[in-house]
Every structure is written in C-alpha cells, then in structure tokens.
Protein chains: 2
Amino acid sequence: MDADAAPRRVRADAERSTARILEAAEAVLAEDPTAPLERIADAAGLARATVHRRFSSRAALLDALAAQLAQRYVQGLAEARVDTAPPVDAMLRMTETAFALKLAHRFAVQLTASMTPEVQGGLDRLFARLREAGAITAPDPTWGRRVYLALLHEVNDLPADSPMLDGDDLAARAGLLVGTVLRALGGVWPPAR
Amino acid sequence: MDADAAPRRVRADAERSTARILEAAEAVLAEDPTAPLERIADAAGLARATVHRRFSSRAALLDALAAQLAQRYVQGLAEARVDTAPPVDAMLRMTETAFALKLAHRFAVQLTASMTPEVQGGLDRLFARLREAGAITAPDPTWGRRVYLALLHEVNDLPADSPMLDGDDLAARAGLLVGTVLRALGGVWPPAR
DNA sequence: ACGAAATGCGCCACCGGTGTCGCAGTTGAT
DNA sequence: ATCAACTGCGACACCGGTGGCGCATTTCGT
C-alpha cells in the first residue's frame, strides 16, 4: 500500500530499506506483536523516522507485512498443488512450507488480514478434496481449516525435545500435524493397508 | 490480592463493588483483552477512580481475575472427578463446565497466569488416565493437554449454526470437542462396540 | 563530479491509558 | 442519629508510543 507503482522512480537504496524493514518487522513482531516501531527500526539498523518515511503509519506497515505473508501462503498453496495433487501429499507439502514460514506464524494469523479469502479458499478446497478422497470424514471444510490452523500453532510451539517429535526437522512436525488433523477429522492415519 | 483478610473491616458496600468490577472485567475483557479500565468501570456502573480504589493497578485486577478463574477451573476439575471417574466421562463433564465458563476463555488462557500448575496437572493426569484406559494412544499427556486447549477455543468460537453442531447447547459442543480430541490422539470415537 | 534523493538525528506535538488527589455527597453499621 | 467509610466526579501529572518537521550528511544515479 506504500512505495509501489511509481510514476516517479524509487531509488534502489530506498527499496532495500523497505525490504529490511519488512524483514525486521517480521522477526521482531513474531516475538512481540505489540513491539514499538523503534524496536523494529533498531533491528533493521535504521532510524525510526526512516520507517515512518517508508510506511506512513504503523497500520500501513502491518498491512504491507500481512500482504507479503498472504502472498507467500498463496505461493505455498500453489506449489503444493492443493488443487491437483493427491490431497494428502499436497497437505504434507503445504504443511512443511507453512512451518518454514514459522517465524511469522503466531501473529500472522492473529493478524487476520493475512488470512486472505484466497488462502482460506485454498485450504477449504484442500479439505473438500481430502473428504472426497476418503482421507477424512468430517463434511465441513471450514471446520477442517479451523482445526488445521489451531493445531498448526500448537505443533509449531512444541519444544524440539518433545517426545512427540523425532528430531526437530520440518518433516517430523509436518507429519505429526497432518496425522493429528486427519485423525481428528475422522480419517485413518497412518493409513491401514 | 486486594481487599481481603481484614484486620480492618470492609464495608459490605465495597465488597459488592469489587464483585461487580470482577464481573464486568470478565465480560469486557472477553471481547477485548486490551480494553481500557474505563470501559470496565462503565460496564460495572462505577467510576474509573473507584476501580482504582479496589484494585491498585490494572495488573492487580488482572491477577485477581486470573486467580478467580483458575479457582473455577480447579473446582470444575474436582467436580468432574478427573482422578476417579471413568476418564472419558470425566472429560465430557469437565468440557461442559469449561464451555459454561466460555465468556472468559479466550483471554483466560492467553492470561497464562490462570493456567495454574494445578489446572495443568489436573489435565495432564486426565490424559494419562485416558491413555491407561485405552481411550487414546498418544503417550505424552502434555501433548494431549495442548491439543485439548487449542481445540477448546476453536469449538468455542464455532458459530451456533455450524453444520458441525446439533443445536447450540453445551452438550453438542462438548461432544464435538471430546470426539475430535480423542480421535486426534489416536483413540476411537464414537466407541466401536 | 554533480544534483537529486534518501538517510540519521534531534525535537516537538499529540494521543490514549494509567494512577493520584481532594472534595462534596451518599450509604452503611451501630 | 451519628460517624466512618465508600462513592462519584473532575482535575492533573505522567508515561509510552506515534507521527511530523527541518536540517545537515551520506548515498545513489547518470
């Protein structure tokens, strides 16, 4: 919502600052969603005034951040081929990328703005496909999405030495989450054969 | 932490104000955990200064509230006989009382202070007993507790007209939650017979 | 090398929420 | 009925965070 679509050209310099600010904001706000702008500025190695120059207000910064995150999720959804691949595979892939974005998670969802209708829709379609494929029995995709998101945070917060985890890699967490969600929604996991 | 154990007597009047404040705080903060004291005072029909007279600071009020809530949970745990009754029954009862306290939920847990070690312990013992009884297979009670709490909020937020609910009564929500959690943790629900 | 543009820095105004005080009026205990 | 205690109200100081300048300095584009 700021510093884009330029009739007047933006200096390469400035554009880098913008990126650094977003990066710093992501890191700082992940730990404390109410952190003052000054802390973000410090983390970015910039003066607070400069942050104000790039983003007219705190709200504008949050918006930009939310948009950026939403876009990453959309991309993740696409790369996981949620609409075409076997749904369980897609879910596993999507989940791994979600954990890779973990820094942002806690506030990414609290920041409901980042739960774009587009992202929601993608997830809902995924749960609908899971049901069609017989991987779950719960009929309501919305409910599936809610359960998934709620447990996503829980698994993300799980300490690395939890007995529920084999190692701390993404795959272990993704496996735990997917299994838990599928079972919760009436599926069988691991699949009986 | 305020206005109790009196060497000097407290007027009945004042005690009622305290109660009204706590009541109002619970209601207001459930909707907006960061609501200013003034909003609470208004809801209680009192002046902000009066709130300050009963509770020396915002933190003190929050503490008192957390203590009150924790105590209710402990009582709920006891009444559900989590340590003696058949664990699934206990879980069902506990869950219903938890929903009865729903107004407070969202911030009750965010207010980690109210998640007393006592409450945590009670839940952990419940999940250990569930495992012993074969109702779940997940070995780690902590994980069970986390899943339970996370989904508790989700079910609580579920709109009354959700396809997942038969009516909006406590029993429907409790059933959905218990079933989902037991399945998520590797149990069978509804029980095959 | 030059000008345009972005930066750092300090300063100030503003806002919302918190906490304190005193005073006048009301309510409760005995 | 009387006194003590509590209340409502308004005013005030304080604090942290936000947002806006202006100016001297650095950095980028060409």
Side-chain angles (χ1 to χ4, degrees), chain A residues 1-66 107 110-111 113, chain B residues 1-66 107 110-111 113:
Chain A
M1 278 65 175
D2 262 74
D4 52 343
R8 131 161 151 274
R9 324 185 27 209
V10 197
R11 224 168 71 172
D13 206 359
E15 209 151 358
R16 277 200 295 144
S17 294
T18 304
R20 298 185 65 186
I21 293 170
L22 285 173
E23 199 179 340
E26 191 176 322
V28 171
L29 295 180
E31 285 189 355
D32 175 10
T34 70
L37 288 188
E38 183 147 30
R39 194 134 17 128
I40 298 174
D42 287 351
L46 299 174
R48 193 172 60 93
T50 305
V51 175
H52 275 296
R53 228 173 266 124
R54 304 282 97 198
F55 299 96
S56 53
S57 74
R58 180 188 182 85
L61 172 55
L62 263 354
D63 284 354
L65 204 44
F107 90 108
Q110 142 189 43
L111 209 47
Chain B
M1 279 66 177
D2 265 75
D4 49 344
R8 129 156 154 276
R9 325 185 28 209
V10 197
R11 224 169 74 172
D13 205 359
E15 211 151 358
R16 277 201 295 143
S17 294
T18 305
R20 298 184 65 186
I21 292 170
L22 285 173
E23 200 178 341
E26 190 176 323
V28 172
L29 295 179
E31 286 188 354
D32 175 10
T34 69
L37 288 188
E38 183 149 28
R39 193 130 24 122
I40 297 175
D42 288 351
L46 299 174
R48 192 173 61 90
T50 304
V51 175
H52 276 295
R53 228 173 268 125
R54 305 281 97 199
F55 300 95
S56 53
S57 73
R58 181 189 183 87
L61 172 56
L62 262 354
D63 284 353
L65 203 44
F107 90 106
Q110 144 189 43
L111 208 50

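Below, chains carry the letters A, B, ... as their sequence lines are ordered, and counting in each starts from 1.
Atom pair A:His52:NE2 and C:dT7:C1' shows a separation of 15 Å (rounding to whole Å applied). Counting to the nearest Å, the C1' atom of C:dT18 and the CG atom of B:Leu62 are 13 Å from each other. Rounded to whole Å, atom C1' of D:dT25 lies 12 Å from atom CZ of A:Arg53. B:Ile40 has its CD1 atom 12 Å from the P atom of C:dG17, to the nearest Å. Going from atom CG of B:Leu61 over to atom P of C:dG17 covers 16 Å, rounded to whole Å. Regarding A:Arg54, its CZ atom lies at a distance of 16 Å from the C1' atom of D:dG19, rounded to whole Å. Between the CZ atom of A:Arg16 and the C1' atom of D:dC28 there is a distance of 10 Å, rounded to whole Å.
Along DNA chain D, the nucleotide nearest to B:Thr50 and the one nearest to A:Glu38 differ in position, and the one closer to the 5' end is contacted by B:Thr50.
Distances shorter than 4.0 Å separate some side-chain N or O of A:Ser17 from OP1 or OP2 on C:dT7.
One distance of note links CD1 of B:Ile21 with CG of B:Leu65; it measures 11.5 Å at 0.5 Å rounding. Interatomic distance, B:Arg54 CZ to B:Leu46 CG, rounded to the nearest 0.5 Å: 10.0 Å. Taking CZ from B:Arg48 and CG from B:Leu37, the interatomic distance works out to 7.0 Å, rounded to the nearest 0.5 Å.
Residues B:Phe55 and B:Ala64 share a closest heavy-atom pair of CE2-CB, 3.7 Å.
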Item checked: Check against side chain to side chain contact (heavy atoms under 4.5 Å, CB included), A:Leu61 and A:Leu22 -> CA-CA 8 Å; A:Leu61 172 55; A:Leu22 285 173; 3.9 Å; yes
Please list, for nucleotides 13-17 of chain D, all pairs of protein and nucleotide N/O atoms separated by less than 3.5 Å.
none

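Side-chain atoms of B:Ala49 lie closest to C:dC21 of the nucleotides C:dC21, D:dG19, C:dG19.
In this structure, B:Arg20 contributes its side chain and B:Ala44 its backbone to a donor-acceptor pair below 3.5 Å.
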